[in-house]
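The structure appears right after this line, and notes come after that.
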Amino acid sequence: MSALKTILKATAATVIVSASAAYAEDVEVLHWWTSGGEAAALNVLKQDLEGQGIGWQDMPVAGGGGEQAMTVLRARVTAGNAPTAVQMLGFDILDWGNEGALADLNAVAADQGWDAVVPDALKSFAKVDGKWVSAPVNVHSTNWVWANKSVLDANGIAPPQTWEEFEAALATLKEAGVTPIAHGGQAWQDATVFDAVAMSAGGPDFYKSAFIDLDAEALGSDTMVEAFRRMEVIRANVDENFSGRDWNLATAMVINGEAGFQMMGDWAKGEFLNAGKVPGEDFLCFRFPGTQSQVTFNADQFAMFDQGGVVSDQQAALASAILSPSFQSAFNVVKGSVPARTDVSDEAFDACGKQGMKDLAAAASSGNLFGSMAHGHANPAAVKNAMYDVITAHFNGEYDAATAAEELATAVEIAQ
Ligand code: GAL
């Protein structure tokens, strides 16, 4: 039995007993959107609700990727005090949904016709047994590179299209005394880079076999060894203070011209915008070299915790605000993500946002859209964390590339 199941079993009674205490005028929202760009985007939602007379109790838990937030959530549920709504990703939503901890949003969904406008890739993480249990906010993707335009221009570098061109650009920057890659050495950030590097090294079939189907052969293959070898190239091009750095501080290095590139999901764009930077003028966005036709996605959703069998008015208002087309546009323009509805115009979006929307639609229709391993959309938390451990240990020099591939296959087998 998973730790999650054990906690829920042990605390189910407490959760039900305390549910009535959670009926408040406010919504209490647990999330990890604490960087400047993330907070600016969250404000769009807060203001929307406040306009409807619903107060917002903020429950921020810092830590990109949301691992710490999920730990706090477990503690809150254990204490019989689940928040009204919780930012959540992929398999975590399915886990809580399967445990029966989430509210049934079908009435709101039917009212707003979610089934017709939310893409299937998101629906499969938002519905459990035909029941909507969370409200999709956006679609992010992880296989992006963010670059400082003047740094690239000053060094005669055009956005690299292939891994080889990327390696050459890194060498040029190093030679010029600029930190080639801004990176934060935290497990989820190492894994975010690995999403793109593995896709680039092995292509979509390899990514799917290794990370989604968890095929032992793919996990331990020569292609995986090559992916780890490329991570060593990345490691050789980060500055010496990378360890433990928050992702938004790495983005700031690119914003300030201290580094050339950052490989990060498109939430990084929120930081550039929040700093008053303009895409195409101050910074560039492009797909990680060799992954131009693929999208590795993660979608933020707000899962609503069951408040005693009925969806509270506040939860219904929050869910319906999130899925409204005007909110989907206003929020995602600021956040860096793209809408979770297929019928929202790209008019208000900048060039990176427009490209993101186009890429997502193209990848979905050509079979090149895959859940992000690093952000909980390829496999459940136990497997994801097992992968994190190996990727990070290798990044920090504990294993060579061949050993890392072997360890990855073993770790995944044990975690399942
Ligand atoms: C992701 C999340 C994004 C972004 C990022 C860094 O998991 O989906 O919305 O905020 O973490 O915090």
Side-chain angles (χ1 to χ4, degrees), residues 29-46 58-73 85-93 121-122 125-126 134-144 146 182-196 244-252 254 262-274 285 295-303 322 327-328 331-340 352-353 356 360 370-381 384-385 387-388:
V29 183
L30 192 154
H31 64 88
W32 63 92
W33 284 336
T34 56
S35 77
E38 290 172 328
L42 195 64
N43 255 333
V44 177
L45 184 56
K46 280 186 197 169
D58 210 34
M59 177 75 193
V61 181
E67 261 188 293
Q68 288 89 325
M70 290 304 101
T71 306
V72 170
L73 171 64
V86 180
Q87 179 192 358
M88 231 186 257
L89 297 171
F91 278 88
D92 290 335
I93 303 170
L122 264 57
F125 290 111
S134 67
V137 183
N138 62 12
V139 188
H140 272 301
S141 57
T142 57
N143 56 322
W144 286 104
W146 307 90
H183 181 64
Q186 296 174 342
W188 75 270
Q189 293 188 62
D190 299 340
T192 301
V193 173
F194 200 58
D195 258 357
R245 175 187 287 135
D246 286 333
W247 68 271
N248 52 314
L249 301 181
T251 310
V254 178
Q262 182 186 22
M263 282 106 79
M264 188 43 65
D266 38 14
W267 46 89
K269 193 185 78 180
E271 298 304 301
F272 284 95
L273 299 182
N274 197 48
C285 58
V295 169
T296 45
F297 83 98
N298 60 304
D300 293 302
Q301 307 206 27
F302 278 103
I322 287 172
F327 170 79
Q328 285 283 327
F331 176 90
N332 287 307
V333 159
V334 179
K335 183 69 169 69
S337 36
V338 304
C352 300
L360 179 65
F370 300 96
S372 155
M373 170 275 293
H375 292 265
H377 281 71
N379 38 62
K384 178 187 88 169
N385 291 332
M387 289 191 175
Y388 274 20

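What you see below is based on every heavy atom in this structure, not just the backbone, and it leaves out hydrogens, waters and symmetry mates. Indexing begins at 1, ligand by ligand and atom by atom, following the structure's order.
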**Report entry** Working for side-chain hydrogen bond (donor to acceptor under 3.5 Å, both in side chains), residues Glu271 and Thr251
**Finding:** CA-CA 7 Å; Glu271 298 304 301; Thr251 310; over 6 Å; no

Requested in this report: Using the side chain to side chain contact (heavy atoms under 4.5 Å, CB included) rule, take Gln68 and Trp32 through it: C-alpha gap first, then chi angles, then the decisive distance, then the call.
Outcome: CA-CA 8 Å; Gln68 288 89 325; Trp32 63 92; over 6 Å; no

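Contact annotation: for Asn138 versus ligand 1, there are no heavy atoms closer than 4.0 Å.
Listed by atom number, the atoms of ligand 1 under 4.0 Å from Asn298 heavy atoms are 1 (C), 2 (C), 7 (O), 8 (O). For ligand 1, the atoms sitting less than 4.0 Å from at least one non-hydrogen atom of Trp247 are 6 (C), 12 (O), numbered in the order shown with element in parentheses. Short contacts between ligand 1 and Lys335, defined as distances under 4.0 Å to a heavy atom of the residue, involve ligand atoms 3 (C), 4 (C), 9 (O), 10 (O). The ligand atoms of ligand 1 that sit less than 4.0 angstrom from a heavy atom of Leu89 are 7 (O), 8 (O).
Exactly one of Thr192, Asn298, Thr296, Asp266 qualifies for a side chain to side chain donor-acceptor pair (under 3.5 Å) with Thr142. That residue is Thr296. Just one residue in the list Lys335, His375, His377 forms a side chain to side chain donor-acceptor pair (under 3.5 Å) with His140, and that residue is Lys335. Under the side-chain contact (heavy atoms from CB on, under 4.5 Å) test applied with Met263, the options Asn143, Asp195, Val193 reduce to a single match, Val193.
Note on ligand 1: Gly65 sits in its first shell, one or more heavy atoms being nearer than 4.0 Å.
Judged purely by atom type and a 3.5 angstrom limit, Gln328 uses its side chain to pair as donor or acceptor with the backbone of Ala340.
Residue His375 has at least one N or O atom closer than 3.5 Å to an N or O atom of ligand 1. On a distance-only criterion, Trp188 and ligand 1 share no N/O pair closer than 3.5 Å.
When hydrogens are left out, the protein atom nearest atom 6 (C) of ligand 1 is Glu38 OE2, 3.2 Å; that is the closest non-hydrogen contact. Here the heavy atom of the protein found nearest to atom 2 (C) of ligand 1 is Asp300 OD1, 3.3 Å.
Proximity of Asp58 to Leu42: side-chain heavy atoms (C-beta onward) are separated by under 4.5 Å at one or more points.
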